[in-house]
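Residues: numbered from 1 along the sequence shown. As the structure is a computational prediction, the values presented were derived from the model and not from experiment.
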Amino acid sequence: MTMHLRMPQSVKRVTNPLVGRVPIWIVGGVNKGARWSLAAAGGGYGSGKRESRQMQVLWSMIRPDDVVWDVGAHYGFITLCAARRVAGRGRVYSFEPSKANYWFLDRHVRWNHLHHVTAHNCAVGGFDG
């Protein structure tokens, strides 16, 4: 039997800024070889197995030179996939309202030198609030 323990938010607030600065390489999937944060590597992100079928479908739908919006980008796993796929003249715009998640998103974009990605720390919606 496998147990999954969740770290309390109070502990994450202390450890994430430290462990979040430690890069690892994603070892499989569409983002294989990309730099990712050790603190965000759980849940299949570091192994590349996170939603692997869906990520393959997404990869096949995006074309070079497309413009992609990643709304609710979280840590940027889909942003990385899209950025790798649209290389060339394509662009990716990522929107993440959570400051904690945006911290990781911005770091992952910078670590992977994704100059054609623009990350925004805001929400996207049809009304204010």
Would you say [Y] ends up clustered with [X] if hydrophobic residues are merged whenever their side chains have heavy atoms under 4.5 Å apart, either directly or through other cluster members?
X      : Y     : value
Val117 : Phe95 : no
Ile24  : Leu80 : yes
Val71  : Val67 : yes
Val22  : Phe77 : yes

> According to the interplanar angle, ranging from 0 to 90°, do the rings of Tyr93 and His120 count as parallel (below 30°), tilted (30 to 60°) or perpendicular (above 60°)?
Replying inline: parallel
> Would you call the rings of Trp36 and Tyr45 parallel, tilted or perpendicular if under 30° counts as parallel and over 60° as perpendicular?
Replying inline: parallel
Compare every heavy atom of [Y] with every heavy atom of [X], then report the nearest pair and how far apart it is.
X     : Y     : result
Ile26 : Ser47 : CG2-C, 4.4 Å
Cys81 : Met55 : CB-CE, 3.5 Å
Ala87 : Asp65 : O-OD1, 3.8 Å

Do [X] side-chain atoms and [Y] backbone N/O form a donor-acceptor pair below 3.5 Å?
X      : Y      : value
Arg63  : Ser60  : yes
Asp106 : Ala119 : no
His108 : Ser37  : yes
Arg50  : Gly29  : no
Asn112 : Ala34  : no
Arg85  : Trp59  : yes
Asp66  : Val86  : no
His116 : Ala83  : yes

Is the closest side-chain heavy-atom distance between [X] and [Y] below 4.5 Å?
X     : Y      : result
Arg84 : Val30  : no
Ile78 : Leu58  : yes
Glu96 : Phe104 : no

Rounded to the nearest 0.5 Å, how far does [atom2] of [Y] lie from [atom1] of [X]?
X     : Y      : atom1 : atom2 : value
His74 : Ser94  : NE2   : OG    : 13.0 Å
Asp70 : Thr118 : CG    : OG1   : 12.5 Å
Ser98 : Leu105 : OG    : CG    : 10.5 Å
Arg35 : Arg110 : CZ    : CZ    : 11.0 Å

